[in-house]
Amino acid sequence: MSIASPHLDSSSAWTDARLLYALEEVVEKELNRHLKVTKDWMPHEYVPFSDARNFPGFFEDGEAWEKEQSKVTEVGRIALVVNLLTEDNLPSYHHEIATLFGREGAWGTWVHRWTAEEGRHGIVMRDYLLTSRAVDPDKLEQFRMSHMSEGFESDNRHSMLHSIAYVAFQELATRISHRNTGHQSGDPVCDRMLARIATDENLHMVFYRNLLKAAFELTPDLTMQAVRDVVVDFRMPGHGIPGFERAAAQMAIGEVYNLRIHHDDVLMPVIRFLKVMEIDGLGPEGVKAQEELGLFLGGLDSEASKFDEKLAARKARMAARAAG
């Protein structure tokens, strides 16, 4: 892909303020497209309220939580907690993007609309988890308090371009995580709920992906550097959740989210759509970033293949034990 006149202005002149102004029309266009294709939905319609029972405390008929009360699989339970606690930090996410993008014009309208849509996700997930007794409610609340008390600071808050690049990948990663959690949950009700959430996340990804495309057209060198930095240092926003590393390992084994999924289903679809590795006409720093991005992706693919082999061997051992 060739970008015409990529150096109309020096990269150093592209401040965050100038980029905000330059991308305002694109934001308005993408916001209007988003509002046309998105569909409002009611969280309460996805929750099996008839399954609910009182918990101990103020109710004499309260029934203590036990793992056996839920249809959800162990990996589904782990992933649901991680996904919900990630959604719970919405106030911090809103603060970050409102500070970065502003609260006026098309940018501000998008910030508030995105926040309102994301708010549904936490509502429906928590209602589902409590009514279906999928998780220990006391531990869930303790984790929420711990996680939210720490707050959230994005690794990319220093740069608008880095932030746009990050959310283009992160929204897709969240969609994939929710969708795979539903598939692995063992409960059709959970699967249906998470499919609805994943639809929202995909539309959010499209918004930011298209914004990233426009950024490439404005300042390809800086955008290439931002994409390289984000991809190389990518972390999910829930990395500060108590016990996250252990939960992430279990989710990897359970095929909810792992290196192969991250490479094939998150990074590569965005990179291919934007034809990032085909962009030419870059300056020295842009070319360097593009080359480093390619090397990293190749290394990540190799690491994912090693993980695939280990996972296949583990499955073979478990199948042999079951047969024996």
Side-chain angles (χ1 to χ4, degrees), residues 1 3 6 11-24 26-27 29-31 34 86 92-93 96-102 107 110-111 114 118 152-177 201-239 262-283 285-297 299-300:
M1 181 172 80
I3 295 178
S11 294
S12 60
W14 283 108
T15 62
D16 279 1
R18 190 171 178 206
L19 279 166
L20 280 168
Y21 179 79
L23 290 170
E24 178 91 24
V26 181
V27 172
K29 175 186 173 184
E30 290 302 316
L31 173 62
H34 177 83
T86 300
S92 286
Y93 309 148
E96 289 230 343
I97 65 171
T99 301
L100 191 65
F101 298 152
W107 280 106
W110 168 254
V111 166
W114 175 87
E118 287 287 342
F152 173 82
E153 288 190 346
S154 169
D155 296 331
N156 303 289
R157 62 189 179 280
H158 64 287
S159 160
M160 179 187 153
L161 271 180
H162 283 71
S163 296
I164 291 172
Y166 175 74
V167 290
F169 293 105
Q170 182 268 322
E171 292 283 5
L172 182 52
T174 305
R175 174 209 168 200
I176 295 297
S177 181
E201 302 290 8
N202 194 63
L203 290 174
H204 296 164
M205 179 276 294
V206 170
F207 178 94
Y208 286 118
R209 184 194 65 190
N210 292 350
L211 202 55
L212 187 59
K213 181 177 184 292
F216 265 118
E217 293 168 357
L218 283 174
T219 175
D221 284 338
L222 283 179
T223 307
M224 186 68 73
Q225 292 172 67
V227 169
R228 172 204 57 196
D229 294 345
V230 163
V231 169
V232 169
D233 296 323
F234 186 88
R235 296 195 296 176
M236 290 293 275
H239 61 80
H262 182 60
H263 178 275
D264 289 3
D265 299 339
V266 176
L267 298 182
M268 294 312 300
V270 175
I271 288 169
R272 288 194 186 107
F273 180 88
L274 298 177
K275 300 181 179 178
V276 173
M277 305 311 298
E278 300 170 34
I279 295 175
D280 56 20
L282 296 165
E285 290 301 313
V287 170
K288 179 184 176 185
Q290 189 180 49
E291 291 174 347
E292 290 176 348
L293 176 62
L295 287 171
F296 177 82
L297 290 170
L300 183 65

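The first residue in the sequence is number 1, and the count goes up from there. Below, all heavy atoms of this structure are taken into account, side chains as well, without hydrogens, waters or symmetry copies.
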Worksheet item: Would Arg175 and Glu171 pass as an ion pair if we require N to O under 4.0 Å?
Response: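 Here Arg175 does not pair with Glu171 in a salt bridge, since their nearest N and O are not under 4.0 Å apart.
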Taking C-beta and beyond as the side chain, do [X] and [Y] meet within less than 4.5 Å on heavy atoms?
X	Y	result
Met160	Leu23	yes
Glu118	Tyr93	no
Thr174	Met205	no
Leu297	Met268	yes

Worksheet item: When the ring planes of Phe207 and His34 are compared, do they come out parallel, tilted or perpendicular, using 30° and 60° as the limits?
Response: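 Rings of Phe207 and His34: perpendicular, over 60°.
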Worksheet item: Under the side-chain contact (heavy atoms from CB on, under 4.5 Å) criterion, do Val167 and Ile97 qualify, and how do the steps go?
Response: CA-CA 10 Å; Val167 290; Ile97 65 171; 5.7 Å; no
Fill in: Donor-acceptor pair between Ser92 and Glu96 side chains, under 3.5 angstrom
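Not at all, the side chains of Ser92 and Glu96 share no donor-acceptor pair under 3.5 Å.
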To the nearest 0.5 Å, how far apart are [atom1] in [X] and [atom2] in [Y]?
X	Y	atom1	atom2	result
Arg157	Thr99	CZ	OG1	11.5 Å
Leu300	Leu267	CG	CG	6.5 Å
Ile176	Asp264	CD1	CG	10.5 Å
Glu278	Arg272	CD	CZ	10.5 Å
Ile271	Leu274	CD1	CG	8.5 Å
Glu217	Ile279	CD	CD1	9.0 Å

Worksheet item: Okay, side chain of Gln290, backbone of Val276: is any donor-acceptor separation there less than 3.5 Å?
Response: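 Between the backbone of Val276 and the side chain of Gln290 there is a qualifying donor-acceptor contact (under 3.5 Å).
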Discussion item. Looking at Leu222, is its backbone amide N or carbonyl O close enough to the side chain of Trp14 to form a donor-acceptor pair, meaning the two atoms are under 3.5 Å apart?
Written reply: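 Not at all, since once roles are kept as given, no pair shorter than 3.5 Å links the two residues.
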Closest non-hydrogen atom pair between [X] and [Y], with its separation:
X	Y	answer
Tyr166	Arg235	OH-O, 2.6 Å
Gly102	Val111	O-CG2, 3.8 Å
Phe216	Met224	CE2-N, 3.6 Å
Gly286	Asp221	CA-OD1, 3.4 Å
Ala165	Val230	CB-CG2, 3.9 Å
His158	Asp16	O-OD2, 4.2 Å

Practice prompt. Let me see the working for Gln170 and Phe234 under side-chain contact (heavy atoms from CB on, under 4.5 Å), right down to the final yes or no.
Written response: CA-CA 9 Å; Gln170 182 268 322; Phe234 186 88; 4.1 Å; yes
Worksheet item: Per the side chain to side chain contact (heavy atoms under 4.5 Å, CB included) rule, which among Leu100, Leu211, Val227, Asn156 passes with Ile164?
Response: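 When Leu100, Leu211, Val227, Asn156 are each tested with Ile164, the side chain to side chain contact (heavy atoms under 4.5 Å, CB included) holds only for Leu211.
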Worksheet item: Within a radius of less than 6.0 Å around CZ of Phe296, do more than 12 heavy atoms belonging to other residues, nucleotides or ligands occur?
Response: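 Above 12, so yes.
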Discussion item. Restricting to side chain to side chain contact (heavy atoms under 4.5 Å, CB included), what partner residues turn up for Phe273, sequence neighbours left out?
Written reply: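 Phe273 satisfies side chain to side chain contact (heavy atoms under 4.5 Å, CB included) with Arg209, Asn210 once adjacent residues are dropped.
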Fill in: With Phe169 via ring pair (Phe, Tyr, Trp, His ring centres under 6.0 Å) - residues at least two apart
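For Phe169 there are no ring pair (Phe, Tyr, Trp, His ring centres under 6.0 Å) partners, ignoring immediate neighbours.
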Worksheet entry | Under the side-chain hydrogen bond (donor to acceptor under 3.5 Å, both in side chains) test, residues paired with Asp233 that sit two or more places apart |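 Residues passing side-chain hydrogen bond (donor to acceptor under 3.5 Å, both in side chains) with Asp233: none at all.
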Worksheet item: Is the ring centre of Trp110 less than 6.0 Å from the ring centre of Phe101?
Response: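 Centroid separation for Trp110 and Phe101: 6.0 Å or greater.
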